Amino acid sequence: MPNLVLVTITMFSRKVEKGLDKHNVFADFPKGRVAFFVTTNVHKLNEARQVLAEQGLAAAMLRIEAIEVQSDHLEEIAEASVRDAVEKSGLPVLVEDAGLFIEALKGFPGPYSSYVYRTLGTKGILKLMEGIAKRNAYFHSVVVFHSPEQASPQCFHGKVEGELAVKERGNQGFGYDPIFEPRAGTGKTFAEMTTAEKNRFSHRALAIRKFAAWYKST
Ligand code: ITT
């Protein structure tokens with residue numbers, strides 16, 4: 001296992017060192033077990049990394065072009081990606097698929113959150129919601145772990161209920177963070193919170209904590 005980890009760190013550092021704060025990414029490597037997180041999103045990695053560190057686990061970003069199937073279910077999308085990532089890397093890996101589900105829009109954008117973010121963006125969502133008083137929404141995260149030794153992927157879910165803001169607020173975080181206020185918070189949007197604050201409430205932190213508990217027990 002240690003050799004495998006070292007080889008992977010070298011591959012990884014060549015690909016991502018430009019876009020990332022080296023200290024953040026590499027700080028936890030020597031601590032013990034490593035979770036290889038297949039993602040293109042540095043913010044997701046950073047959030048997961050902090051939660052995993054609380055549990056004494058290290059996180060490494062693995063940039064693999066894993067397939068993303070079209071489906072109405074986050075779990076199906078994440079499972080297909082994780083199987084593909086294990087096949088391509090030969091490593092035990094973690095994949096996450098998340099989405100924002102808006103009740104007044106019958107769950108839209110949900111599993112299409114990535115496409116909708118790239119096309120309509122947060123401003124487009126606010127436009128669709130203009131004049132709508134019922135603003136409840138939730139984020140759902142599905143974290144899936146799979147490894148070459150495992151028969152089938154293991155799924156962990158996290159959900160956070162909240163409200164859609166009327167205007168974008170805050171400049172931290174990413175994606176829909178400026179327009180989402182978690183109900184359990186103090187009225188701040190996720191983008192008005194530090195990563196540590198967001199991790200107290202977020203869908204991703206919940207799912208990653210469930211994964212960490214399971215991973216440590218295996
Ligand atoms: P991957 O490479 O891990 O797939 P991604 O950014 O495409 O990174 P997802 O498919 O899981 O991540 O997320 C779908 C979209 O939902 C994404 O484009 C984000 O804009 C948004 N999203 C996911 N999690 C979010 C969060 O915690 N806060 C705000 N927006 C989020």
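Counting convention: from 1, in listed order, for ligands and their atoms alike. Hydrogens, waters and symmetry mates play no part in the numbers below; they use all other heavy atoms, side chains included. Note that the structure is predicted; figures quoted are calculated from it, not measured.
Nearest protein heavy-atom contact of atom 31 (C) of ligand 1 is F174 CE1, 3.5 Å. Taking atom 14 (C) of ligand 1 as the reference point, the nearest protein heavy-atom neighbour is A98 O, 3.4 Å. Taking atom 18 (O) of ligand 1 as the reference point, the nearest protein heavy-atom neighbour is S114 CA, 3.5 Å. Of the protein's heavy atoms, N41 ND2, 2.9 Å lies nearest to atom 6 (O) of ligand 1. Scanning the protein heavy atoms around atom 9 (P) of ligand 1, the nearest turns out to be K44 NZ, 3.4 Å. The nearest protein atom to atom 24 (N) of ligand 1, hydrogens excluded, is given as R204 NH2, 2.8 Å; this is a heavy-atom distance. The protein heavy-atom contact nearest to atom 16 (O) of ligand 1 is S113 CB, 3.5 Å. Ranking protein heavy atoms by distance to atom 30 (N) of ligand 1, first place goes to Y176 N, 3.0 Å.
Applying the 4.0 Å criterion to heavy atoms of E68 picks out, from ligand 1, the atoms 4 (O). Residue T39 approaches ligand 1 through these ligand atoms, each under 4.0 Å from one of its heavy atoms: 1 (P), 2 (O), 3 (O), 8 (O). Under a 4.0 Å criterion applied to the non-hydrogen atoms of K198, ligand 1 contributes the atoms 26 (C), 27 (O), 28 (N). Every atom of ligand 1 with a heavy atom of H203 under 4.0 Å away is listed here by number and element: 24 (N), 25 (C), 26 (C), 27 (O). Every atom of ligand 1 with a heavy atom of D97 under 4.0 Å away is listed here by number and element: 10 (O), 11 (O). Of all atoms in ligand 1, listed by their number and element, those nearer than 4.0 Å to a heavy atom of D177 are 26 (C), 28 (N), 29 (C).
In terms of polar-atom proximity, defined here as any N/O pair under 3.5 Å, T40 does make such a contact with ligand 1.
Not a single heavy atom of F190 sits less than 4.0 Å from an atom of ligand 1. Heavy atoms of H43 stay at 4.0 angstrom or farther from ligand 1.
The distance from the CG atom of L100 to the OG atom of S114 is 12.5 Å, given to the nearest 0.5 Å. Taken from SG in C155 to NZ in K210, the straight-line distance is 11.5 Å, to the nearest 0.5 Å. Of the inter-residue distances, the one linking K134 atom NZ with L164 atom CG reads 12.5 Å to the nearest 0.5 angstrom. Note that the CG atom of L74 and the NE2 atom of H203 stand 10.0 Å from one another [nearest 0.5 Å]. Interatomic distance, CD1 of I179 versus NZ of K123, reported as 10.0 Å (0.5 Å rounding). Rounding to the nearest 0.5 angstrom, the gap separating the CZ atom in F108 from the CG atom in L120 is 5.5 Å.
The aromatic rings of F139 and Y176 lie tilted to each other, with the angle between the two planes from 30° to 60°. In this structure, F156 and F211 have perpendicular ring planes: the angle between them is above 60°, well past the 30° mark.
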Before giving the answer on side-chain contact (heavy atoms from CB on, under 4.5 Å), spell out for R63 and T40 the whole-Å C-alpha distance, their side-chain angles and the decisive distance to 0.1 Å. CA-CA 6 Å; R63 274 192 184 265; T40 56; 4.2 Å; yes

Derivation of the salt bridge (Lys or Arg N to Asp or Glu O under 4.0 Å) call for E181 and K188: CA-CA 6 Å; E181 300 165 5; K188 284 185 189 176; over 6 Å; no

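Exactly one of E103, R183, E161 qualifies for a side-chain contact (heavy atoms from CB on, under 4.5 Å) with Y138. That residue is E161.
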